[in-house]
Colleague: 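One structure, as structure tokens, below. Some questions next.
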Amino acid sequence: MIYIDDHIDDFDLQEALATVSAQRREQALRYRHERDRRLSVAAYRLLHRALMTEYGINELPQFTYDSNGKPALAGYPDIHFSMSHCRAAVACAVSDRPVGIDIETLDHYNEEVAARVMNDDEMRQILESPYPNVAFTRLWTMKESLFKLTGDDCGGDIARMLQESTRYCFTTVDHPQFIVTDCRYR
């Protein structure tokens, strides 16, 4: 299930810091800017809510990290999650199978950037779209969520990432300010 929170400014940060694990509080406080602290706390609280809803887990999540820095839930090896944030919102997904999620703010379309990270077919989709920024962001979140799922960036050739996408299932949520994509194995 995909969970999204776009109420990043609707909570008292100091009060919220008291409701997260010491591990997450330390991580959030390492950020210099309040916005980044808010996003860190909001993503954690969203994950906590998702775990309560999906699995009935009430305790605060604790993380372990693999050698690549990917977090896992301490004590729950069969529950997988992914979190992401952009300026406007946070998103997370939880599952009994590996999952990757990405959320990106809808910005102005930059064809030069797109040409570096998209293949010819993807560029055609973007250029034929009445809203190139939406088409670009949708494809970008697919690539990022796939990378978060697999850890494979095709040897740095980001343009190739979706060429074998039939192995994966993507769910995309469009919002006026952002796009979220969840990726799972078929």
Side-chain angles (χ1 to χ4, degrees), residues 1-66 68-109 131 133-134 136-138 140-149 151 170-184:
M1 181 86 132
I2 298 174
Y3 291 81
I4 301 168
D5 180 0
D6 61 351
H7 299 282
I8 306 305
D9 296 312
D10 294 352
F11 61 88
D12 181 282
L13 181 58
Q14 293 308 311
E15 287 178 15
L17 283 165
T19 68
V20 301
S21 70
Q23 180 187 45
R24 189 57 167 204
R25 186 171 35 260
E26 287 174 24
Q27 184 179 13
L29 291 173
R30 280 188 229 133
Y31 291 110
R32 243 188 340 201
H33 302 288
E34 180 179 332
R35 187 69 176 173
D36 296 324
R37 291 177 177 183
R38 286 184 164 283
L39 291 166
S40 178
V41 168
Y44 179 88
R45 290 172 52 164
L46 187 62
L47 173 63
H48 185 215
R49 187 176 84 203
L51 291 170
M52 286 191 312
T53 301
E54 300 294 321
Y55 296 97
I57 298 172
N58 291 314
E59 67 260 19
L60 294 174
Q62 297 292 321
F63 303 128
T64 60
Y65 297 88
D66 69 14
N68 295 321
K70 184 175 181 171
L73 291 172
Y76 297 95
D78 296 330
I79 300 175
H80 303 269
F81 75 97
S82 184
M83 298 186 296
S84 184
H85 64 81
C86 64
R87 290 187 306 271
V90 295
C92 85
V94 295
S95 178
D96 57 356
R97 298 179 351 184
V99 62
I101 197 164
D102 187 49
I103 184 169
E104 297 290 338
T105 305
L106 281 170
D107 284 326
H108 296 289
Y109 170 67
Y131 303 102
N133 65 325
V134 173
F136 171 81
T137 305
R138 191 174 293 126
W140 182 254
T141 61
M142 289 174 70
K143 291 175 186 244
E144 283 286 325
S145 65
L146 176 59
F147 175 71
K148 287 182 176 185
L149 173 69
F170 296 94
T171 303
T172 299
V173 177
D174 290 349
H175 182 277
Q177 291 181 292
F178 51 82
I179 292 179
V180 180
T181 299
D182 169 293
C183 181
R184 299 165 194 246

Colleague: If we only count heavy atoms from C-beta on, is the Y31 to L39 side-chain gap below 4.5 Å?
Modeller: no
Colleague: Which pairs with one or both residues in residues 55-65 pass side chain to side chain donor-acceptor pair (under 3.5 Å), sequence neighbours excluded?
Modeller: E59-Y76
Colleague: Taking only residues two or more places apart in sequence, or in another chain, which ones meet D174 in a side chain to side chain donor-acceptor pair (under 3.5 Å)?
Modeller: R138
Colleague: How many angstroms lie between NZ in K143 and CG in L146, if you round to the nearest 0.5 Å?
Modeller: 9.5 Å
Colleague: Any chance the rings of Y3 and F81 have centres within less than 6.0 Å?
Modeller: no
Colleague: Taking all atoms of both residues into account, what is the closest heavy-atom pair of L13 and R37, and its distance?
Modeller: CD2-CB, 4.0 Å
Colleague: Going by the rule salt bridge (Lys or Arg N to Asp or Glu O under 4.0 Å), which residues pair with E34 if we only count those two or more places apart in sequence or in a different chain?
Modeller: R38
Colleague: Go through the steps to decide whether H175 and V180 satisfy the test side-chain contact (heavy atoms from CB on, under 4.5 Å), and finish with yes or no.
Modeller: CA-CA 8 Å; H175 182 277; V180 180; over 6 Å; no
Colleague: Specify the closest pair of heavy atoms between Q23 and P61, including all atoms of both residues, with the distance to one decimal.
Modeller: OE1-O, 4.4 Å
Colleague: Under 4.5 Å between any side-chain heavy atoms of L106 and Y131, yes or no?
Modeller: no
Colleague: Return the OG to CZ distance between S40 and R35, rounded to the nearest 0.5 Å.
Modeller: 13.0 Å
Colleague: Begin with the C-alpha distance, continue with both residues' side-chain angles, and end with the deciding distance and a verdict on side-chain contact (heavy atoms from CB on, under 4.5 Å) for Q177 and T105.
Modeller: CA-CA 6 Å; Q177 291 181 292; T105 305; 5.7 Å; no
Colleague: Decide side-chain contact (heavy atoms from CB on, under 4.5 Å) for W140 and E144; before the verdict, give the C-alpha distance in whole Å, the side-chain angles of both, and the deciding distance to 0.1 Å.
Modeller: CA-CA 6 Å; W140 182 254; E144 283 286 325; 3.2 Å; yes
Colleague: Just verifying a value: how many Å separate L47 CG and D5 CG, rounded to the nearest 0.5 Å?
Modeller: 12.5 Å
Colleague: Find the distance between CD1 (I103) and CG (D6) and round it off to the nearest 0.5 Å.
Modeller: 8.0 Å
Colleague: Search all heavy atoms of A88 against all heavy atoms of I8 and return the closest pair with its distance.
Modeller: O-CG1, 3.7 Å
Colleague: Please list, chain by chain and in numerical order, all residues satisfying side chain to side chain contact (heavy atoms under 4.5 Å, CB included) with T141, sequence neighbours excluded.
Modeller: D102, E104, T137, I179, T181
Colleague: What is the distance from atom OG of S21 to atom CZ of F63, rounded to the nearest 0.5 Å?
Modeller: 6.5 Å
Colleague: Suppose we screen for side chain to side chain donor-acceptor pair (under 3.5 Å). Which residues come up paired with R87, at least two apart in sequence or across chains?
Modeller: D107
Colleague: Determine yes or no for a side-chain-to-main-chain donor-acceptor pair under 3.5 angstrom, with K70 supplying the side chain and K148 the backbone.
Modeller: yes
Colleague: Of all heavy-atom pairs between A28 and L17, which one has the smallest distance, and what is that distance?
Modeller: CB-CD2, 4.1 Å
Colleague: Excluding sequence neighbours, so at least two apart, what forms salt bridge (Lys or Arg N to Asp or Glu O under 4.0 Å) with R184?
Modeller: D182
Colleague: What I'd like to find out is whether the side chain of V94 reaches to under 4.5 Å of the side chain of L73, using heavy atoms alone.
Modeller: no
Colleague: Counting only heavy atoms not in R32 (residues, nucleotides, ligands), do more than 12 fall under 6.0 Å from its CZ?
Modeller: no
Colleague: Mind checking the CG-NE2 spacing from D96 to H80? Nearest 0.5 Å is all I need.
Modeller: 7.5 Å
Colleague: Establish, from distance only, whether the side-chain atoms of R24 and Q27 form a donor-acceptor pair under 3.5 Å.
Modeller: yes
